[in-house]
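First up is the structure itself, then whatever we jot down about it.
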Amino acid sequence: MAFLDLLYFGSLRETLGKDGERVDPPSHVLTIEDLVAWLGERDEPYRSAFGAPSRIGGAVEGERVGNRDSIFGAREVALFPPPGAL
Amino acid sequence: MAFLDLLYFGSLRETLGKDGERVDPPSHVLTIEDLVAWLGERDEPYRSAFGAPSRIGGAVEGERVGNRDSIFGAREVALFPPPGAL
Amino acid sequence: MIDIRIQAGDFDPGRQLGRLEELGRAAVSGFVAMVEAAEDVTEILVEHHPVLAKNALRRIAEETERNWPLAGIILIHRHGRLRRGERLAFAAVAASDPRHALDGCCFLVDALRSRALFWRKELAADGSGRWMEP
Amino acid sequence: MIDIRIQAGDFDPGRQLGRLEELGRAAVSGFVAMVEAAEDVTEILVEHHPVLAKNALRRIAEETERNWPLAGIILIHRHGRLRRGERLAFAAVAASDPRHALDGCCFLVDALRSRALFWRKELAADGSGRWMEP
């Protein structure tokens, strides 16, 4: 499978200490939900950052998607906490 | 009973051909509703102007009131069609 | 802060919003009513009585203030002859909660439409006129 | 007409309302979000990604346009460091029906609050910061 570029925002970016990274997820990672679960299996700070999967949203190639939407074939996925600056 | 000054607005003013008048209503005229009914008993153009009593609103001494509210002791009553310029 | 104005002349929506922005709250919600009318209408006549109109607007603003925690309310209504495309009225509020600002502003506009004591006649080029009554 | 802007700099609400007034519709409804925060907060940081943010605002505007007959929609969102009392965002619409303008504007603001892809961190004088997440 091709490499996947991840982007992190807000408190997620801060907890992880980076604004993104390139990963190579295993073949069973098919959705945003799968991706978040997979990342949450890593050691700290990932375990904490992804400890509440339902609070993590995602976007694929710049477009917001639902957490059960596919990331198959994606080159870039953004992950973030609940948005809104107002 | 004291004289009562009436003010007319909008299409009511235009139908009546005047912006107000002084009247001396009989003693059974106690509410806006009574006043409208009494005026509607007159000849044209009053009959037409007050032909749909539920569409006539009123204000006593400058304050909007309901059609069953008292006009007892009032010096000035305004009568008008449904308002709103927007 | 409640500010109510009834005037023949125009107003500046940006300046009015600015007065509410200065209150330092998170939300300022505003509404500008413009004169829109059918093609043949050249202008409208907005009829009013100063005391009746002022009292009606004051009641509307006071009721709005009771219903929502607002830091400021501005209501402006013009009267007299107005051409198509001119400003007709303005309603705006400031609040810490955007929901309160939006709801308060909606309430003001609904009340302006149904309870503000102004009557509108649309005047056509041929001299004819028509009272617009809900 | 849909106009979406994401910018670090300030904007002029009066001028933006003016652009909608010129469409000649009866109603222009607008909302200004300001930076309001607790006493110890000196400024906020609004984080975004240009493409993500633009796409999110575009979707919000398009959905609003589908739901109500609007003549114009303007959405502005600032990013970067903003002090208390500064403007943060703007939403406004023009419509022939005041109800459509009010409802469309409310929808825009609700969507800005919950779906616009911006993240807000409040920064205190002592250097500490706190992400504000619903």
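Quantities reported herein were computed from a predicted structural model and do not represent experimental measurements. The sequence lines fix the lettering, A, B, ..., with proteins before strands; numbering per chain opens at 1.
Residues of residues 31-45 of chain D lying under 4.5 angstrom from chain C, judged on non-hydrogen atoms, are D:F31, D:V32, D:A33, D:M34, D:E36 by number.
Both the backbone and the side chain of C:R99 come within less than 4.5 Å of a heavy atom of chain D. Looking at C:D110, the atoms closer than 4.5 Å to chain D (heavy atoms on both sides) all sit in the side chain, from C-beta outward.
Atom CG in D:L17 sits 9.0 Å away from atom CZ in C:R87 (nearest 0.5 Å).
With chain D as the partner, the residue from C:C105, C:G14, C:A92, C:S96 showing the most heavy-atom pairs under 4.5 Å is C:S96. For the set C:E86, C:R84, C:R113, the count of heavy-atom pairs under 4.5 angstrom toward chain D peaks at C:R113. Listed options C:L20, C:L88, C:D103, C:V28 were ranked by heavy-atom pairs under 4.5 angstrom with chain D; first place goes to C:V28. Looking only at heavy-atom pairs under 4.5 Å with chain C, the residue among D:P13, D:G85, D:G30, D:G18 that has the most is D:G30.
For C:R130, the CZ atom is loosely surrounded, since the number of other residues' heavy atoms within 6.0 Å does not exceed 12. When the shell of 6.0 Å around CZ of C:R19 is examined, it contains more than 12 heavy atoms from other residues, nucleotides or ligands. Residue C:R58 places its CZ atom among more than 12 non-hydrogen atoms of other residues, nucleotides or ligands, all under 6.0 Å distant.
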